[in-house]
Trainee: 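Just dropping this structure here.
Any value given below was found using the heavy atoms of this structure, including those in side chains, with hydrogens, waters and symmetry copies removed. All values reported here derive from a predicted model rather than from experimental measurement.
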Amino acid sequence: MTSARFYDYASLSVEEKAALLRRSETDISKFIEKVAPILEAVRTEGDAALARFGRELDRAEVTEANLKVTPAEFDAAFGQVDSDVVAAITFGIDNIRRFHEEQKPEAMWLKEIRPGAYAGDRFTPIQSVALYVPRGKGSFPSVTMMTSVPAVVAGVPNLAIVTPPAPDGSVDAATLVAARLAGVETVYKVGGAQAVAAVAYGTETVKPALKIVGPGSPWVVAAKRLLSGVIDTGLPAGPSEVMILADDSVHGGLAALDLLIEAEHGPDSSAYLVTHSRRVAEEALAALPEHWARMTEQRVAFSKAVLTGSTGGVVLTSSIEESYQFVNAYAPEHLEILSEEPFIHLGHITEASEILMGTHTPVSIANFSLGPNAVLPTSRWARTFGPLSVSDFVKRSSIGYVTAPAYAEFARHSHKLALYEGFSSHANAVSPIREAYLKKGG
């Protein structure tokens, strides 16, 4: 037996069903209170504050002089990472690049709206973006790959990674390998709320950025919220979450295996198996101890905290339709549809950021090498946001061009609406006054 939580969905009250939708970061007020003075210190003290917080909060050997990774540290990283790991990073980056190159929009398009009148869009890269790569509960070169590749594909000219340092003041070697292979050569040894403040305000070492993307802890989420008026904080990506939707065509042990993928990220993660099959639910509960026995002690502790706490467990529904209802209400970051025929379920899912189909597409493959971006909106933001993409690194400008032969018709209609809305200058700009100036020429 296992102590993972089990819920009979049909028997839950409205309040209990609502409680299942809550994530660990839903209320971050306590973090905001603690983060505010950190942000202010970075704004006023710059590098000195970054070095101090690195020593105090990350317990790392950082000074004002070594906040930025040197070229020598990049070079050394390649000798510190096993060749098979480098090959895996290279494989993943290649697939991620292929996927995101398909997303890249044309530099400009124009459509003839009316004879002689053209309108369209022009896309240009954002000039500077910071990429946040977490480290607190592990090392994540995969996040470096997922954030760096689309930014490079988009053509962002100024890219920098911010990531927490290790106790010895170093940056994870595989992260540096992934950064260089993706095309990013600027990395700062700064994490947490202070990293968000550094790229928002700029310091003596850290250049300010216009935008920051990447997942982070509640501390990072709180800092982004407080600094949203200073820097574009991108899509809301907080602690990891997964939902496994399983029908009665699969073994529950497989569902349990995949349930643990995101649960092992940390005690603040969220992980639910939802199924209308009691057999699948019971098999999953029974299999969890076997899976835990094959995991490391830290990851067992993290995943048990999730599955025995208030943000995880096994949910048994009364029907597949009720399962769909729960999935859409939850709007998960990662959704696996475990079924021998997953596409029969796909049309019923409207609220999920990533949907992985079938028994051979676990979140592991999507996180590391399939191609679609694994930086995803959390906390039900999948209802309005999509995965990180090339579009997050470009901005769109509307283009308009009206020729002389087309002008009269547009001017007539615009003049009417300008007068109706009470804008005299709008009206004057498309009146005979303009025509008089046009006849005078230069």
Side-chain angles (χ1 to χ4, degrees), residues 99-130 150-159 200 208-213 224-225 227-237 328 331 346-347 349-353 355 372-373 375-377 380-442:
F99 177 86
H100 288 84
E101 283 176 345
E102 293 300 315
Q103 292 182 332
K104 189 174 182 179
E106 295 181 33
M108 187 175 75
W109 64 267
L110 283 174
K111 178 180 177 64
E112 191 171 25
I113 303 298
R114 296 272 179 170
Y118 302 84
D121 286 325
R122 186 184 69 151
F123 295 89
T124 54
I126 296 171
Q127 290 300 295
S128 59
V129 180
V152 171
V153 169
V156 177
N158 298 294
L159 286 169
L210 297 172
K211 185 171 186 175
I212 181 171
V213 302
K224 286 182 177 181
R225 191 167 297 180
L227 291 171
S228 60
V230 180
I231 185 172
D232 182 344
T233 55
L235 67 87
N328 287 327
L346 180 60
I349 304 302
T350 59
E351 312 298 336
S353 184
I355 304 173
N373 211 289
V375 176
L376 307 162
R380 303 182 79 193
W381 284 109
R383 295 176 297 172
T384 57
F385 282 87
L388 190 71
S389 70
V390 170
S391 64
D392 289 290
F393 298 97
V394 298
K395 57 188 184 298
R396 182 170 57 88
S397 301
S398 295
I399 304 294
Y401 174 57
V402 177
T403 63
Y407 169 76
E409 182 180 19
F410 281 87
R412 184 173 70 257
H413 291 299
S414 299
H415 189 268
K416 291 291 185 183
L417 287 173
L419 292 176
Y420 181 83
E421 293 188 0
F423 291 113
S424 55
S425 185
H426 278 64
N428 290 340
V430 286
S431 73
I433 299 173
R434 182 181 208 88
E435 296 167 16
Y437 278 112
L438 291 173
K439 288 178 181 178
K440 293 179 181 179

Trainee: Can you check side-chain contact (heavy atoms from CB on, under 4.5 Å) on His100 and Gln103, steps first, answer last?
Mentor: CA-CA 5 Å; His100 288 84; Gln103 292 182 332; 3.1 Å; yes
Trainee: Suppose we screen for salt bridge (Lys or Arg N to Asp or Glu O under 4.0 Å). Which residues come up paired with Arg122, at least two apart in sequence or across chains?
Mentor: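 Not a single residue meets the salt bridge (Lys or Arg N to Asp or Glu O under 4.0 Å) criterion with Arg122.
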Trainee: Let me check something: any side-chain donor-acceptor pairs from residues 391-411 under 3.5 Å, sequence neighbours excluded? List them with distances.
Mentor:
{"from": "Ser391", "atom 1": "OG", "to": "Ser389", "atom 2": "OG", "distance (Å)": "2.6"}
{"from": "Asp392", "atom 1": "OD2", "to": "Ser389", "atom 2": "N", "distance (Å)": "2.8"}
{"from": "Lys395", "atom 1": "NZ", "to": "Thr124", "atom 2": "OG1", "distance (Å)": "3.1"}
{"from": "Lys395", "atom 1": "NZ", "to": "Pro125", "atom 2": "O", "distance (Å)": "3.0"}
{"from": "Arg396", "atom 1": "NH1", "to": "Asp121", "atom 2": "OD1", "distance (Å)": "3.2"}
{"from": "Thr403", "atom 1": "OG1", "to": "Gly116", "atom 2": "O", "distance (Å)": "2.7"}

Trainee: Under the side chain to side chain contact (heavy atoms under 4.5 Å, CB included) rule, collect the residues that match up with Lys439, sequence neighbours excluded.
Mentor: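 Not a single residue meets the side chain to side chain contact (heavy atoms under 4.5 Å, CB included) criterion with Lys439.
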Trainee: Without swapping roles, check the side chain of Asn158 against the backbone of Gln127 for a donor-acceptor pair under 3.5 Å.
Mentor: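 Here the side-chain-to-backbone pair exists.
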Trainee: Any donor-acceptor pair under 3.5 Å linking the side chain of Lys224 with the backbone of Pro236?
Mentor: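 No, the answer is negative, given that no donor and acceptor are paired below the 3.5 Å cut-off.
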Trainee: Could I get the full list of side chain to side chain contact (heavy atoms under 4.5 Å, CB included) partners for Pro208, not counting sequence neighbours?
Mentor: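 Testing Pro208 for side chain to side chain contact (heavy atoms under 4.5 Å, CB included), a comparison that skips the adjacent residues, returns none.
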Trainee: Closest approach of Leu235 and Pro387, non-hydrogen atoms and distance?
Mentor: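 Minimum heavy-atom contact is CD2-C, 3.9 Å.
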Trainee: Considering all heavy atoms of both residues, which atom of Ala200 and which atom of Ile231 are nearest to each other, and what is their separation?
Mentor: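 For Ala200 versus Ile231, the nearest heavy atoms are CB-CG2, 3.8 Å.
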Trainee: Does Ile349 have any side chain to side chain contact (heavy atoms under 4.5 Å, CB included) partners at least two apart in sequence or in another chain, and if so, which?
Mentor: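 Side chain to side chain contact (heavy atoms under 4.5 Å, CB included) check on Ile349 returns Leu245, Tyr324, Val327, Asn328, Leu335, Ile337, Ala352, Ile355.
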Trainee: Do you know the tightest heavy-atom contact between Val375 and Ala237?
Mentor: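 It is CG1-CB, 4.4 Å.
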Trainee: Could you check Leu388 against Val213 for side-chain contact (heavy atoms from CB on, under 4.5 Å), going step by step and ending with a plain yes or no?
Mentor: CA-CA 8 Å; Leu388 190 71; Val213 302; 4.0 Å; yes
Trainee: Specify the closest pair of heavy atoms between Ser228 and Thr233, including all atoms of both residues, with the distance to one decimal.
Mentor: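 Closest approach of Ser228 to Thr233, heavy atoms only: CA-CG2, 4.1 Å.
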Trainee: Testing the basics here: between Pro157 and Ile126, what is the closest heavy-atom pair and its distance to 0.1 Å?
Mentor: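 What the structure gives for the nearest pair is CD-O, 3.5 Å.
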Trainee: Which pairs would a plain distance check flag for residues 419-431, meaning a side-chain donor or acceptor within less than 3.5 Å of a matching protein atom at least two apart in sequence or in another chain?
Mentor:
{"from": "Asn428", "atom 1": "ND2", "to": "Ser424", "atom 2": "O", "distance (Å)": "3.3"}
{"from": "Ser431", "atom 1": "OG", "to": "Asn428", "atom 2": "O", "distance (Å)": "2.7"}
{"from": "Ser431", "atom 1": "OG", "to": "Ile433", "atom 2": "N", "distance (Å)": "3.2"}

Trainee: For Pro377 versus Gly386, what's the shortest heavy-atom pair and its separation?
Mentor: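 Between these two residues, the closest heavy atoms are CD-O, 3.5 Å.
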